[in-house]
Protein chains: 2
Amino acid sequence: MAAPKLEEFLKAEQELAQFAKALSHPARIAILKVLASKTECVCGEIVEVLPLAQSTVSQHLKELKEAGLIKGTVDGPRSCYCINWKAFEKFNQSFNQLFSKLKVQQQSCC
Amino acid sequence: MAAPKLEEFLKAEQELAQFAKALSHPARIAILKVLASKTECVCGEIVEVLPLAQSTVSQHLKELKEAGLIKGTVDGPRSCYCINWKAFEKFNQSFNQLFSKLKVQQQSCC
DNA sequence: ATAATTAATCGTAAAAATACGATGAAATGA
DNA sequence: TCATTTCATCGTATTTTTACGATTAATTAT
């Protein structure tokens, strides 16, 4: 087998892993930064800034969208994207939860 | 081309993406939780808990180690792993930095 | 009506990730 | 010394990811 055995893990672990996967490529982090810095968030502008082909950027946008981190609306011939702050906040909290949970007993045996 | 074009992005983005990649599989999150909850962190115990083969767990441990999130020491015939709290703290901060940076202008255009 | 712009999707190739069994190395125990 | 335990590594199969060019669909501009 080669597909990840996701089902066998806790739902919280799966969810967080999925979120982390969305951030696991610098292009997607860069996209989030662009979206956060602009009020106008047209796809073309993102493509201009990134060192990737239009189709590749579109793919990354799709992944961010599927992960729930961004929203997209069609505006005439162009697409407007922006951060889904609600989901983002949840994401942020999930991470902090993991971090603080792990940090409870901060001791190393080796 | 198929390999990710990492070089062309900011170093901070690459670093964070790499960290996120380490967390992008539930098995690795589960491993971190186990390590945090035990003072004795022998490889075998992790294998016992996870629904994966020994060799697969070993592989995940290697990835966490390469990402800097855990340390490993040989203890006779067994291997002792534990969280690298220093790196972990840095990781935690990088994430919070990104989150707070993005949150500066929390407005959606669409 | 036709051309141009914009961005999604398709097809595809190459690489990386995931998983497992088998093997190997190193230390302990009998 | 020889068997056992423990875990890393190797070999390999399958899936997923990444990337790009080409095409398509939709809207706008001429």
Side-chain angles (χ1 to χ4, degrees), chain A residues 1-9 13-14 17-31 34-35 40-67 70-82 110, chain B residues 1-9 13-14 17-31 34-35 40-67 70-82 110:
Chain A
M1 290 106 203
K5 294 176 75 173
L6 303 174
E7 335 74 43
E8 313 225 26
F9 292 94
E13 289 164 1
Q14 290 182 51
Q18 212 166 9
F19 271 140
K21 194 178 244 174
L23 289 190
S24 73
H25 194 294
R28 293 193 285 269
I29 293 179
I31 288 173
V34 173
L35 292 190
E40 276 283 306
C41 38
V42 174
C43 175
E45 297 178 46
I46 304 168
V47 174
E48 260 177 22
V49 174
L50 297 199
L52 297 170
Q54 178 262 318
S55 58
T56 306
V57 173
S58 231
Q59 223 171 278
H60 282 303
L61 284 166
K62 195 182 176 187
E63 278 168 72
L64 284 170
K65 200 173 165 188
E66 276 168 0
I70 66 173
K71 295 182 282 181
T73 17
V74 177
D75 171 29
R78 58 199 90 216
S79 281
C80 176
Y81 285 99
C82 55
C110 47
Chain B
M1 291 107 203
K5 295 177 75 174
L6 304 174
E7 337 74 43
E8 313 225 26
F9 293 94
E13 289 164 1
Q14 291 181 51
Q18 213 166 7
F19 272 139
K21 193 178 246 174
L23 290 190
S24 73
H25 194 293
R28 293 193 285 271
I29 292 178
I31 288 173
V34 174
L35 293 190
E40 277 282 308
C41 37
V42 173
C43 174
E45 297 179 46
I46 304 168
V47 174
E48 260 178 22
V49 175
L50 296 200
L52 296 171
Q54 177 262 319
S55 58
T56 307
V57 173
S58 231
Q59 222 171 280
H60 282 303
L61 284 167
K62 194 182 176 188
E63 277 168 73
L64 284 170
K65 200 173 165 188
E66 278 169 358
I70 65 174
K71 295 182 284 181
T73 19
V74 178
D75 171 30
R78 53 200 93 216
S79 281
C80 176
Y81 285 99
C82 57
C110 47

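All chains are named by letter (A, B, ...) in the order of the sequence lines, taking the proteins before the strands, and each is independently numbered beginning at 1. Computed from heavy atoms alone, side chains included, the values below leave out hydrogens, waters and symmetry copies.
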Asks: Distance check needed: dT6(C) C1' versus E45(A) CD, whole Å only.
Replies: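 So the two atoms are 13 Å apart, to the nearest Å.
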Asks: Within this structure, what is the CG-to-P distance between L61(B) and dT6(D), rounded to whole angstrom?
Replies: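 Interatomic distance, CG of L61(B) to P of dT6(D): 16 Å.
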Asks: What's the CG-P distance between D75(A) and dT27(D), to the nearest Å?
Replies: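 Spelled out: CG on D75(A) to P on dT27(D) is 11 Å.
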Asks: How do G44(A) and R28(B) order along DNA chain C: which one's closest nucleotide is nearer the 5' end?
Replies: G44(A)
Asks: Round to the nearest Å and state the distance from K62(A) atom NZ to dC20(D) atom P.
Replies: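 Distance check: K62(A) NZ to dC20(D) P gives 17 Å.
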Asks: Between I46(A) and L35(A), is a side-chain contact (heavy atoms from CB on, under 4.5 Å) present by the stated rule, with each step listed?
Replies: CA-CA 8 Å; I46(A) 304 168; L35(A) 292 190; 3.7 Å; yes
Asks: Where along residues 48-58 of chain B does a heavy atom fall under 4.0 Å from DNA chain C?
Replies: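 Listed by number, they are L52(B), A53(B), S55(B), T56(B).
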Asks: Looking at residues at least two apart in the chain, or sitting in another chain, which of them share a salt bridge (Lys or Arg N to Asp or Glu O under 4.0 Å) with E48(A)?
Replies: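 E48(A): no salt bridge (Lys or Arg N to Asp or Glu O under 4.0 Å) contacts found.
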Asks: Would you say Y81(A) places a side-chain N or O within less than 4.0 Å of OP1 or OP2 belonging to dT6(C)?
Replies: no
Asks: Rounded to whole angstroms, how far apart are CG on L23(A) and P on dT18(D)?
Replies: 12 Å
Asks: Which is it for K5(A) and L52(B) under the side-chain contact (heavy atoms from CB on, under 4.5 Å) test, yes or no, and what are the steps along the way?
Replies: CA-CA 8 Å; K5(A) 294 176 75 173; L52(B) 296 171; 3.7 Å; yes
Asks: Select from Q59(B) and G76(A) the residue whose nearest nucleotide in DNA chain D is closer to the 5' end of that strand.
Replies: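 In this pair, the answer is Q59(B).
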Asks: Quickly work out the E66(A) CD to dA8(C) P distance and round it to whole Å.
Replies: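 Nearest whole value for this atom pair: 12 Å.
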Asks: Could you list the donor-acceptor pairs under 3.5 angstrom formed between side-chain atoms of residues 17-26 of chain A and any protein atom two or more places apart in sequence or on another chain?
Replies:
from	atom 1	to	atom 2	distance (Å)
S24(A)	OG	K21(A)	O	2.7
H25(A)	ND1	A27(A)	N	3.0

Asks: Just jot down the salt bridge (Lys or Arg N to Asp or Glu O under 4.0 Å) partners of K65(B), sequence neighbours excluded, or say none.
Replies: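 Per chain and number, K65(B) pairs via salt bridge (Lys or Arg N to Asp or Glu O under 4.0 Å) with no residue.
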Asks: Report the residue (P77(B) or F9(A)) whose heavy-atom-nearest nucleotide on DNA chain C is the more 5′ of the two.
Replies: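 The residue mapped nearer the 5' terminus is F9(A).
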Asks: Rounded to the Å, how far apart are E7(A) CD and dT15(D) P?
Replies: 14 Å
Asks: What is the distance, to the nearest angstrom, from the CG atom on L6(B) to the C1' atom on dA16(C)?
Replies: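 Result: 11 Å.
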Asks: Under the rule for salt bridge (Lys or Arg N to Asp or Glu O under 4.0 Å), what residues qualify as partners of E66(B), not counting sequence neighbours?
Replies: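 Salt bridge (Lys or Arg N to Asp or Glu O under 4.0 Å) check on E66(B) returns nothing, list empty.
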Asks: When you measure from the side-chain N and O atoms of H60(B) to the phosphate of dA17(C), is any distance below 4.0 Å, counting only OP1 and OP2?
Replies: no
Asks: Please list all pairs meeting side-chain hydrogen bond (donor to acceptor under 3.5 Å, both in side chains) that have one or both residues in residues 49-63 of chain B, counting only residues at least two apart or in different chains.
Replies: R28(B)-H60(B), R28(B)-E63(B)
Asks: For dT28(D), take OP1 and OP2 only and decide whether either is under 4.0 Å from a side-chain N or O of R78(A).
Replies: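 For dT28(D), OP1/OP2 do not have a side-chain N/O of R78(A) under 4.0 Å.
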Asks: When all nucleic acid strands are considered with a 4.0 Å heavy-atom cut-off, which category describes K21(A): base, sugar-phosphate, or nothing?
Replies: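 Touches sugar-phosphate only.
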